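What follows is a single structure, written as structure tokens, with notes after it.
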Amino acid sequence: MTDAFQPNLDFSAAAEVEEREAFVVDLDGYEGPLHVLLALARTQKVDLLKLSITQLAEQYLAFVHEARRRNFALAADYLVMASWLAYLKSRLLLPRADKDKGEEPPAEVMAAALAFRLQKLEAMRKAVEQLMARPQLKRDVFTRGDPEATVIVPSDRIDASLYDLMSAYVTQRRREGARHYSPGQRVEAFPLEAARDWLREVMPRLADWTPLDQVAPHPEDDDGPSQASYTASTLSASLELVKEGAMEIRQTQAFAELFLKRRGGGHPLELTP
Amino acid sequence: MSDLSFQPDEAEIERRVEALLFAAAGPLTAGEIAARLPEGCNVARAISGLRARYEGRGVELECVADRWRFRTAPDLAFMMTEEREEPRRLSKAALETLAIIAYHQPVTRAEIESVRGVTLSKGTLDLLLEMGFVRLRGRRRTPGRPVTYATADRFLEHFGLATLYDLPGVQEMKAAGLLDLSLPVGFELPDPGRSADVDDDSLAGEDDTPEFAQDFVGN
Amino acid sequence: MSDLSFQPDEAEIERRVEALLFAAAGPLTAGEIAARLPEGCNVARAISGLRARYEGRGVELECVADRWRFRTAPDLAFMMTEEREEPRRLSKAALETLAIIAYHQPVTRAEIESVRGVTLSKGTLDLLLEMGFVRLRGRRRTPGRPVTYATADRFLEHFGLATLYDLPGVQEMKAAGLLDLSLPVGFELPDPGRSADVDDDSLAGEDDTPEFAQDFVGN
């Protein structure tokens, strides 16, 4: 309606927005760095083997830069590829002087290999297109809708693949596992009451700050509760005693060792290894 | 979707009717055929054209209760009565049994049943034996001396395995998404390649075929 | 069962082959057809006769996975709305994986990943396996003995391909060396798809190429 007054600037702004949108859409469409590189390589409109790798590297680095500028979370793969390309580019640009880097192939060979690899991926993409363009069964072509009642079964052919075999096996083993499921031994815990009794027993010896590990009982064999359970229950019980005013507890920082001490005098705990 | 503007000629209509009748899941009336063709097509003429074309061929166009369908020529019916030699698909039970025999061989019937949790129906093992996927391997040296089963060469051939050692293992099961990272409790894959060194007596020496037959049938 | 005494003439053989193929639920090999005909019948001639006869008709004779079947003409697809099944949509990743398996078979998981430069996501291979397009083929004779994948007949049937030779563009790709799995010498590209258990460095091994070539030709 107000076409005449519309400044040109708005159009370029719109185009910019579109470009940005296009970028977003594109990033979603890529599966990995190689796919991005292929898409970028196509813009050079040359035979993939005659590709300018330095130009491609720049394009890719710009792509990564742009993505990061917009705070797209890029997978590590993209960044690894970026640094590799930056390195390759620098090697391509530098005069080849040093012969001591003998174990590494010349940059041109690496560039050609990259081009080849892109060509390979491109070939597979074309193959997908060509395959999908073929008439497909039940989409474009149809076999007999109503085969004769006395069907001729291709006789020597059994329709069972290794995959079928594997999945048949796994399903059964799963079922078997479910059938034979028994809750197993209950995980035994060191009862809180016992922990309290234990603490009261050793309390007289907790005149000094003593690490929790040394206060908690230690299992004598493998049958009883685990060491973790002894420690946890002892801690719980000690907190109760702290609340009752019989003990004090101290920790210098998060995850640091816990120390216990009784209130009032007593004998120090005899440490047994 | 269709090319409505294009008015097909007689030959083209015949072609289309032919395709429709071929692909249809059941006999079609002239009306049903017409509904899928551009307006004004002469279906009756196409049908009589097709009928003439297939006259005397191996396949004929036939009308039953006002519906049209292709069927093989009646004089060739004898070719169609061929009995099914083998099922195209292995039944679930057969496939499962085969899988257990493959991975656990040599294995007794009772062991198969213990994994499957159901009694093995009589036909399942017979079928696998008959198909040549499975063979009787020997007898377990345990009370009752039960017969053990193992896979036969046809099994390897069919599944394209060079040796039993090539059966997919836990890694492949995981890769194929069949197993999670957390394996079911007690999931251990036996190594079928080991089946050479087993506590089995060979069946070869057995003269008492009756015993075997009894055992085999009796289950 | 059959009339063995009667020696059918060429036209009669063609009729019978026609009836068999029309009646069958799936594609038939020449051998399967021959098994149902009197001894000495020239099945190949009958098939090529039928093929010519049905050329350009609404129904055509086609070779898929070395088997023969009748199917509707592709240009009539638009009419078959009722018969059409909603195809299972394959993701771009799945299609690319399928193509890589089809053109490079037998191929390992690591090789697929190396062509695409990304890790194969969980579910991609299972889907292809489950759909019956892809099968486990064997094990590569390299350290770790990785499982190799190949296409199944169902793949050829679905895309109407007679053999793997008929894959679109396969000859050109082969000539251009694009189907070679061993990468050019000195080729070191960061390869995220490659997991820790690299197993295709040893691909250049001489065991490998013949296996591939043989398989490829054999189908």
Side-chain angles (χ1 to χ4, degrees), chain A residues 29 31-35 37 75-78 80-81 83-85 104-106 109-110 112-114 116-117 119-145 147-157 159 161-163 166-167, chain C residues 20 22-29 32 35-36 62 67 69-74 77 80 83-85 87 92-93 95-96 98-100 102-103 115-118 129-130 132 134-136 152 157-161 167-170 173 176-179 183-190 192-193:
Chain A
E31 264 203 88
L34 218 52
H35 289 80
L37 277 170
D77 305 350
Y78 286 85
V80 172
M81 180 64 86
S83 60
W84 185 81
L85 279 174
E104 219 174 34
V109 172
M110 289 164 79
L114 173 59
F116 176 78
R117 190 132 172 222
Q119 210 194 7
K120 208 166 151 71
L121 184 60
E122 169 84 348
M124 286 302 106
R125 297 220 131 169
K126 281 210 185 110
V128 167
E129 277 166 30
Q130 284 175 312
L131 274 178
M132 295 317 278
R134 289 189 65 84
Q136 287 177 51
L137 193 62
K138 288 180 180 162
R139 187 193 78 176
D140 307 305
V141 298
F142 300 85
T143 52
R144 186 81 193 270
E148 310 275 314
T150 46
V151 182
I152 306 239
V153 181
S155 64
D156 218 29
R157 203 166 143 221
D159 221 6
S161 67
L162 211 46
Y163 178 72
M166 265 159 67
S167 49
Chain C
L20 281 171
F22 234 82
L28 299 175
T29 63
E32 284 159 355
R36 284 164 211 280
E62 169 186 63
R67 297 181 164 82
R69 74 170 176 207
F70 277 116
R71 57 133 176 84
T72 58
M80 303 297 173
E83 285 75 24
R84 185 166 303 138
E85 277 179 17
K92 219 162 103 185
L95 284 172
E96 253 175 49
L98 180 59
I100 292 168
Y103 284 79
V115 173
R116 302 189 62 236
V118 280
L129 283 160
E130 204 190 299
V134 161
R135 65 192 168 95
L136 296 150
E157 284 171 22
H158 184 87
F159 290 99
L161 296 162
L167 280 169
V170 72
M173 288 186 208
L178 289 172
L179 300 184
L183 292 168
V185 186
F187 182 57
E188 293 298 331
L189 193 66

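Proteins get letters first, then strands, A, B, ... in listed order; numbering begins at 1 in each. Just so it is clear, the structure is predicted and the values come from calculations on it, not from any experiment.
With sequence neighbours left out, the side-chain contact (heavy atoms from CB on, under 4.5 Å) criterion links E122(A) to L38(A), R42(A), L48(A), K126(A). Not counting sequence neighbours, the partners of E62(C) by the side-chain contact (heavy atoms from CB on, under 4.5 Å) test are V64(C), R69(C), R71(C).
For A73(C), the part lying under 4.5 angstrom from a heavy atom of chain A is the backbone only. The part of M173(C) that comes within reach of chain A is its side chain, from C-beta onward, which places non-hydrogen atoms under 4.5 angstrom from that chain. In this structure, chain A has a heavy atom under 4.5 Å from the backbone of F70(C), while its side chain stays farther away.
Of the listed residues (M166(A), Q130(A), R139(A), K138(A)), the one with the most heavy-atom contacts under 4.5 Å to chain C is K138(A). Interface remark: of the candidates L37(A), T143(A), L131(A), L131(A) forms the most heavy-atom pairs closer than 4.5 Å to chain C. Residue with the most contacts toward chain C among A123(A), A76(A), G32(A), S161(A): A123(A) (heavy-atom pairs, distance under 4.5 Å).
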- V118(C) and L34(A): side chain to side chain contact (heavy atoms under 4.5 Å, CB included), yes or no, with the steps? CA-CA 8 Å; V118(C) 280; L34(A) 218 52; over 6 Å; no
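By the 4.5 Å heavy-atom criterion applied to side chains, W84(A) and L114(A) are counted as neighbours.
Note on K92(C) versus E31(A): no salt bridge recorded, every NZ/NE/NH1/NH2 to OD/OE distance being 4.0 Å or above.
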